[in-house]
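Before I ask anything, here is the structure I am working with.
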Amino acid sequence: MLQIAVIRENQEAVIKALAKKNIDATAMIENVVALDEKRRATQVELDNVLAESNKLSKEIGAMMKAGEKAKAEIIKEKTTQLRDKSKELTEALNAIAEELTQQLYQLPNTPTEIVPEGKTADDNLNVFEEGEVPSLHEGAMPHWELAKKYDIIDFELGTKITGAGFPVYKGKGAKLQRALINYFIDKNTEAGYQEVQVPHLINEASGYGTGQLPDKEGQMYHVGIDDLYLIPTAEVPVTNLYRDVILQESELPVQVTGYTPCFRREAGSYGAHVRGLNRLHQFDKVEIVRVEHPDNSYQALDGMVEHVKGILKELKLPYRILRLCGGDMSFASALTYDFEVFSTAQDRWLEISSVSNFETFQSNRLKLRFKGKDGKTQLAHTLNGSSLALPRVLAGILENYQTPEGIVIPEVLRKYTGFDIID
């Protein structure tokens, strides 16, 4: 969440920045500042009461030693009143602090200056494009028809077992899926990311820590009896490894990668653009997460973008990179680049990765800090990116690599699959 000191000292700038995300935050900011003033005033009053109580306690001790018991008893009555007052103020302070925290949870992160203005995905800025769109043979199919033709993904069987959006991968389809996961993990670890395996369920504190709660509560699967959530992305458990942690500056940067299934309700999704693998309720993803010194985080973001570019170059998929406009950005992001692969059979772009810098937004919630060389403690910056999300990468491979003889496997994946064509 946004730091209260930043809001207090830069109210107009914060309101202007959030307007780029198409949010009129004036009333919220004014309420937050008023609550903060009330909290600070209550804290001062409590501190004064406690100081007076401590002073009188010392006087009582001195009087008792001097044999002035009657005077001491009179002052004791006052200390009892002060204790009652301090209890009342403490309860009030806690209530104000909780209300302030809940208000701060409602405020999204402020976008950086280079984020373009805009309300929808149509306003995103295309900053890079690479790769040739292949010319497909006559009769080329979208991936959901290829999946059925070669019996590699069964959408109907998944619907029978669970419901729509839960496909079953079969035979060479399952092997290709596993090959992609292993390939992505290997590329990430070769680049210096430490591999971790993390839980696929998180508690409420973890959801709040990375900003999924309360913003995306309706999109997450909730296990009510245990009050746990199925993860929407590996970003959540991986980043929460560092919740309530103080790192040494020498430990930065932290670079972590992990594979997990991801679960999203995707309420309200329908239509031709969500067919097949285009939008699922359960899908696989390999994630990269970084914890950085604030001075280095945007250089690190550029490095993450280059890393994902390198993977797509090896897969030889046509792709583009978009800098998201304010209206299309996530709640927690300060700057996001989306990668999209071109689906030749569908004649449309498919998002396959988002790489984002959250600056101190997540670390403030997580209490993720580092101690600098000067001994001072400050909030770190957090970043994350898909490296990569599998369903649409798989869709792109199936569609762009199809031939009359079958689906050719990208050369870089063949040592993982053990075969070079799906036929």
Side-chain angles (χ1 to χ4, degrees), residues 1-15 17-18 21 23-57 76-110 202-218 220 222-229 236 239-240 242-246 331-332 358-369 377-379 382:
M1 56 189 171
L2 298 176
Q3 298 178 65
I4 186 61
V6 172
I7 295 174
R8 185 171 60 242
E9 296 165 14
N10 305 276
Q11 291 184 54
E12 293 304 318
V14 172
I15 291 170
L18 290 176
K21 284 192 171 182
I23 295 168
D24 183 358
T26 304
M28 294 178 70
I29 294 297
E30 289 175 351
N31 189 35
V32 162
V33 171
L35 282 170
D36 181 52
E37 289 174 353
K38 187 176 180 181
R39 178 187 63 82
R40 290 192 293 160
T42 305
Q43 182 68 66
V44 169
E45 188 177 358
L46 175 59
D47 291 344
N48 290 338
V49 168
L50 292 173
E52 179 68 13
S53 180
N54 289 336
K55 177 185 174 185
L56 291 179
S57 294
K76 274 186 180 180
E77 290 182 15
K78 190 171 183 180
T79 60
T80 300
Q81 293 173 358
L82 289 172
R83 277 198 300 271
D84 292 341
K85 183 63 175 178
S86 68
K87 182 180 178 182
E88 176 186 323
L89 288 170
T90 299
E91 291 174 353
L93 182 63
N94 291 338
I96 296 166
E98 177 60 23
E99 185 179 356
L100 177 58
T101 298
Q102 293 304 318
Q103 288 294 316
L104 288 170
Y105 277 146
Q106 303 298 323
L107 286 169
N109 199 3
T110 51
I202 56 162
N203 55 31
E204 187 178 69
S206 294
Y208 273 94
T210 45
Q212 278 68 33
L213 294 177
D215 179 59
K216 292 291 187 293
E217 186 167 9
M220 296 169 68
H222 184 225
V223 184
I225 193 169
D226 296 307
D227 196 21
L228 296 173
Y229 295 85
V236 185
T239 311
N240 271 277
Y242 300 94
R243 175 154 47 92
D244 298 319
V245 169
I246 299 178
F331 181 83
F358 304 103
E359 297 186 353
T360 61
F361 190 81
Q362 290 182 333
S363 58
N364 192 28
R365 290 174 172 234
L366 295 160
K367 294 183 174 59
L368 167 52
R369 295 155 290 173
T377 301
Q378 61 178 302
L379 293 171
T382 62

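Sequential numbering from 1 along the given sequence is applied to the chain's residues. The model shown is predicted, which means the values in this text are computed figures rather than measured ones.
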So among Glu99, Gln106, Glu98, which one has a side-chain hydrogen bond (donor to acceptor under 3.5 Å, both in side chains) with Gln102?
Glu98
For the pair Glu217 and Tyr229, evaluate side chain to side chain donor-acceptor pair (under 3.5 Å) and give the outcome as yes or no after the intermediate values.
CA-CA 9 Å; Glu217 186 167 9; Tyr229 295 85; 3.3 Å; yes
For the atom pair CD (Glu45) and CG (Leu50), what is the distance rounded to the nearest 0.5 Å?
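Answer rounded to 0.5 Å: 11.0 Å.
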Does the pair Glu37/Arg8 count as a salt bridge with the N-to-O cut at 4.0 Å?
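Between Arg8 and Glu37 there is no salt bridge, as every charged N stays at least 4.0 Å from the carboxylate O atoms.
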Considering non-hydrogen atoms only, spot the tightest contact between Gly211 and Arg365 and give its length.
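Smallest heavy-atom distance, with atoms named: CA-NH1, 3.5 Å.
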Looking at CG of Leu366 and CZ of Phe358, how far apart are the two atoms once the value is rounded to the nearest 0.5 Å?
10.5 Å
Heavy-atom check, side chain of Leu379 versus side chain of Gln3, under 4.5 Å
yes
Spacing of Lys38 atom NZ and Leu93 atom CG [to the nearest 0.5 Å]
11.0 Å
Got a second to check how far Thr26's OG1 is from Ile15's CD1, nearest 0.5 Å?
4.0 Å
Of the non-hydrogen atoms in Asn240 and Gly209, which two are nearest, and what is the gap between them?
OD1-CA, 4.4 Å
Can you check side-chain contact (heavy atoms from CB on, under 4.5 Å) on Leu56 and Leu82, steps first, answer last?
CA-CA 10 Å; Leu56 291 179; Leu82 289 172; 3.6 Å; yes
Lys367 versus Ile246: any side-chain heavy-atom pair under 4.5 Å?
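With C-beta onward as the side chain, the pair stays apart.
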Under 4.5 Å between any side-chain heavy atoms of Arg369 and Gln378, yes or no?
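Side-chain contact under 4.5 Å: no.
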I need the single residue from Asp24, Leu107, Asn10 that forms a side-chain contact (heavy atoms from CB on, under 4.5 Å) with Ile29. Which is it?
Leu107
Judged by atom type as modelled, is there a donor-acceptor pair below 3.5 Å linking the side chain of Thr90 to the main-chain atoms of Ser86?
yes
Does Lys87 come within less than 4.0 Å of Asp84, counting only side-chain N to carboxylate O?
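No, this pair does not count.
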On a heavy-atom basis, which atom in Ile23 and which in Pro108 lie closest, and how many Å separate them?
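The pair with the smallest heavy-atom distance is CD1-CG, 3.3 Å.
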Nearest 0.5 Å please: distance from the OG1 atom of Thr79 over to the NZ atom of Lys55.
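One gets 14.0 Å once the value is rounded to the nearest 0.5 Å.
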Side-chain (Asp227) to main-chain (Glu204) donor-acceptor, under 3.5 angstrom
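Here the side-chain-to-backbone pair does not exist.
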How many angstroms lie between OH in Tyr242 and OG1 in Thr382, if you round to the nearest 0.5 Å?
12.5 Å
Look at the rings of Phe331 and Phe361 and say which category their plane angle falls in: under 30° parallel, 30 to 60° tilted, over 60° perpendicular.
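Perpendicular: the ring planes of Phe331 and Phe361 meet at over 60°.
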Kindly give the heavy-atom pair with the smallest separation between Leu104 and Leu2, and that separation in Å.
CD2-O, 4.0 Å
Using the rule given for side chain to side chain donor-acceptor pair (under 3.5 Å), can you reason through Asn48 versus Glu52, listing the C-alpha separation, both sets of side-chain angles and the distance that settles it, and then say yes or no?
CA-CA 6 Å; Asn48 290 338; Glu52 179 68 13; over 6 Å; no
Less than 3.5 Å apart, any donor N or O on the side chain of Gln362 or Thr239 sitting next to an acceptor on the other?
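There is no such pair between these side chains.
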Under 3.5 Å, is there a donor-acceptor pair between the Thr80 and Arg83 side chains?
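A donor-acceptor contact under 3.5 Å links the two side chains.
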Donor-acceptor pair, side chain of Asn364 and main chain of Thr360, under 3.5 angstrom
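Not confirmed, Asn364 side chain does not pair with Thr360 backbone.
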Answer yes if the side chains of Ser206 and Arg243 hold a donor-acceptor pair under 3.5 Å, and no otherwise.
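Yes - a donor-acceptor pair under 3.5 Å links their side chains.
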Taking every non-hydrogen atom, the tightest pair across Val32 and Leu100
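Nearest pair, atom of Val32 first, then Leu100: O-CD1, 3.6 Å.
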Of all the heavy-atom pairs spanning Met28 and Gln103, show the shortest one and how long it is.
CE-O, 4.4 Å
Report the C-alpha distance between Leu213 and Met220 in whole Å, list the side-chain angles of each, state the deciding distance to 0.1 Å, and finish with yes or no for side-chain contact (heavy atoms from CB on, under 4.5 Å).
CA-CA 9 Å; Leu213 294 177; Met220 296 169 68; 4.1 Å; yes
